[in-house]
Amino acid sequence: MANGNDSKKFKGDRSPCSPSRVLHIRKIPNDVTESEIISLGLPFGKVTNLLMLKGKSQAFLEMASEEAAVSMVNYYTPIPPHVRSQPVYIQFSNHRELKTDNLPNQARAHAALQAVNAVQSSGLTLASVHGSEGLVLPGQSPVLRIIVENLFYPVTLEVLHQIFSKFGTVLKIITFTKNNQFQALLQYADPMNAHHAKVALDGQNIYNACCTLRIEYSKLTSLNVKYNNDKSRDFTRLDLPTGDGQPSLDTTMAAAFGAPGIMSSPYAGFAPAIGFPQAGLSIPGVPGLGPLALTTSAITGRMAIPGMTVIPGHSVLLVSNLNPDAILPHGLFILFGVYGDVQRVKILFNKKEIALVQMADATQAQLAMSHLNGQRLHGRVLRITLSKHQSVQLPREGHEDQGLTKDYTNSPLHRFKKPGSKNFQNIFPPSATLHLSNIPPLVTDEDLKILFASTGCTVKGFKFFQKDRKMALIQLGSVEEAILALIELHNHDLGENHHLRVSFSKSMI
């Protein structure tokens, strides 16, 4: 039975629990409702049980599957969700399931769960849980319509996501221009989130003295996003195409706005000043999407909404729960190098399950953390946080540390050296399918299957790209196998002066 004992383990940086479908939620506000806690889990899958411990400001949430729980923890770890404008903290519980049948005061939790499940199974919008007789009350839509006035700087979908995520889980965003104004529709998991965001942000400036937010409730109760790109994004659907050049609003929704033609952003040719240019910004555990970090760019210092600036220089990651018998600096360099240019790696001499990884900048550190936290490497679940250190120190001359500290500043293997490199557009979470490129003409599919099998993984599928035989997809037995194969075979010499390039793919075979 879950009781408050988990809370005793949170002093300082507790050792991570192994993944469980039961999540422990801390620091919940006293006046929080059951449905607000349930709504934190809904975007990731079915919620099967709930235990509220309001006296301890805690709750336990049970998801239907461990995968859903892992996606949820990975999504919320870098940017904790806000409930009633207060951050709450989510991690795996020691409990494998919640047994609450014999507990008092569970009637409200069960009623809330039943209401949500009824709504989900009938395909109604979640907003109706909060209304009476299943009707959405006025001003209770989870969808906000946002107009940005005085647009002196470009405001991107990523910027809106970061600002509005402070108030709850953002499910979908569509941006468009109407009457020469930059506008957006943004759907939360819960109408209460929309209410709190509207109260807090309406009339605020995103940047000092410009980019003013005007927010109202939308008449729509849910958004239908067709494409995931820089104009529209569905954070719950990973499989949507980018729909290059397609309008992101479908015609019925366009009609709802009386918008005859929806133009693209007025800054279509303008690389955003915030975040990577075209970085496939992403939710960990939810392929292709993710928590967004504002980089320390020229504009960041101008962010006018409190708490929205990223502290410069947080480019060093603390990686713990490594397998001390298997880990080497080179392996961390290659793996973290998928998400940015790794400058230095230090495995701690006295505690080899901990390492420091220094990325080129804060955005790359955030990307690597959000994609790799919670993944398995050499049989261990990785735990990644931002380090207090500003940089990784090299050992002094004559003080060797058994090769545990490596400097990669001038490595030829950096993927993101060239500004605007295509690699910025191909940043995806770890997946069992790998994208291979730079394959020489004489190498066959059998050669590559044998090569990957030699790392100890199971090859489940392989196909060359039809238009370009220099590239292929290979599907392995699990995400963990793919991570190890990428570490071992990226830059592998295939002969004819061709070194194999390996990255994670968003496609399946």
Side-chain angles (χ1 to χ4, degrees), residues 16 18-20 65-71 73-74 238-239 282-288 319-339 342 345 353 355 357 367-384 413 415 426-439 443-465 471-494 499-509:
S18 58
S20 159
S65 71
E66 191 176 293
E67 290 76 15
V70 169
S71 295
V73 168
N74 282 346
L238 333 173
D239 50 340
S282 45
I283 299 187
V286 180
V319 186
S320 55
N321 203 35
L322 292 164
N323 183 333
D325 302 323
I327 200 64
L328 293 168
H330 176 76
L332 292 172
F333 166 68
I334 295 293
L335 178 58
F336 281 73
V338 173
Y339 300 106
V342 175
V345 176
E353 55 268 17
V357 177
L367 271 174
M369 177 169 76
S370 65
H371 285 89
L372 295 174
N373 185 40
Q375 298 290 347
R376 297 183 79 87
L377 177 62
H378 301 301
R380 300 272 194 101
V381 176
L382 289 181
R383 176 96 171 154
I384 305 170
L413 294 187
R415 296 177 188 238
N426 295 314
I427 296 175
F428 301 112
S431 57
T433 306
L434 296 172
H435 179 277
L436 313 180
S437 59
N438 207 29
I439 302 166
V443 170
T444 66
D445 54 349
E446 276 310 306
D447 294 333
L448 289 165
K449 286 182 191 170
I450 290 165
L451 175 66
F452 276 80
S454 73
T455 68
C457 59
T458 318
V459 176
K460 290 200 159 177
F462 181 93
K463 74 167 187 200
F464 280 111
F465 278 57
M471 296 198 287
L473 294 176
I474 190 163
Q475 189 174 339
L476 305 179
S478 68
V479 175
E480 187 175 7
E481 283 187 8
I483 287 174
L484 290 173
L486 180 140
I487 288 172
E488 201 156 321
L489 296 176
H490 179 63
N491 203 45
H492 180 83
D493 189 350
L494 290 173
H499 286 81
L500 182 66
R501 296 185 57 82
V502 185
S503 47
F504 298 114
S505 171
K506 67 169 190 281
S507 310
M508 300 281 283
I509 293 180

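None of the values given here were measured: they were computed from a predicted structure.
- Residue I327 holds its CD1 atom at 4.0 Å from CG of L332, rounded to the nearest 0.5 Å.
- Qualifying side chain to side chain donor-acceptor pair (under 3.5 Å) partners for D445, counting only residues two or more places apart in sequence or in other chains: none.
- Side chain of N491 to main chain of H499: no donor-acceptor pair is present (N/O by atom type, distance under 3.5 Å, no hydrogens or angles).
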Q. Could you walk me through whether L382 and N321 pass the side chain to side chain contact (heavy atoms under 4.5 Å, CB included) check?
A. CA-CA 6 Å; L382 289 181; N321 203 35; over 6 Å; no
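- When all heavy atoms of I487 and G331 are compared, the closest pair comes out as CG2-CA, 3.6 Å.
- At least one donor-acceptor pair closer than 3.5 Å links the side chain of S431 to the backbone N or O of S505.
- Sorted by first and then second residue, the pairs that involve residues 369-382 and meet salt bridge (charged side-chain N to carboxylate O under 4.0 Å, His left out), not counting sequence neighbours, are R376-E480.
- At a threshold of 4.5 Å between non-hydrogen side-chain atoms, the residues T433 and F428 do not count as touching.
- Across L377 and L322, no two heavy atoms sit closer than the pair CD2-CD2, 4.3 Å.
- Considering every non-hydrogen atom in both S20 and A69, the closest pair reads O-CB, 3.3 Å.
- Under the rule for a ring-ring contact (aromatic ring centres under 6.0 Å, His included), the partners of F333 that lie at least two apart in sequence or sit in another chain are Y408.
- Here the closest heavy-atom approach between residue I439 and residue L494 is recorded as CA-CD1, 4.3 Å.
- Of the inter-residue distances, the one linking K460 atom NZ with E481 atom CD reads 8.0 Å to the nearest 0.5 angstrom.
- If you take CG on L335 and CD on Q375, they are separated by 8.5 Å, rounding to the nearest 0.5 Å.
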Check residues 449-456 and write down every donor-acceptor pair under 3.5 Å in which the side-chain atom is one partner and the other belongs to a residue at least two apart or another chain.
from: S454; atom 1: OG; to: L451; atom 2: O; distance (Å): 2.4
from: T455; atom 1: OG1; to: F452; atom 2: O; distance (Å): 2.7

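- Here the closest heavy-atom approach between residue A485 and residue L476 is recorded as CB-CD1, 3.7 Å.
- Applying the ring-ring contact (aromatic ring centres under 6.0 Å, His included) criterion to H435, with sequence neighbours excluded, gives F465.
- By the side chain to side chain contact (heavy atoms under 4.5 Å, CB included) test, L486 pairs with I334, V338, L434, V502, F504, sequence neighbours left out.
- For the residue pair S71 and N74, no side-chain donor N or O sits within less than 3.5 Å of a side-chain acceptor on the partner.
- Distance check, rounded to the nearest 0.5 Å: CE of M369 to CZ of R383 gives 11.0 Å.
- Between S437 and M471, the shortest heavy-atom contact is CB-CG, 3.8 Å.
- From L413, atom CG reaches atom CZ of R501 across 8.5 Å, with rounding to the nearest 0.5 Å.
- Summarising the geometry, atom CZ belonging to F462 is positioned 8.0 Å from atom CD1 belonging to I509; distances are rounded to the nearest 0.5 Å.
- A 4.5 Å side-chain heavy-atom check between V345 and F336 finds every atom pair outside the cut-off.
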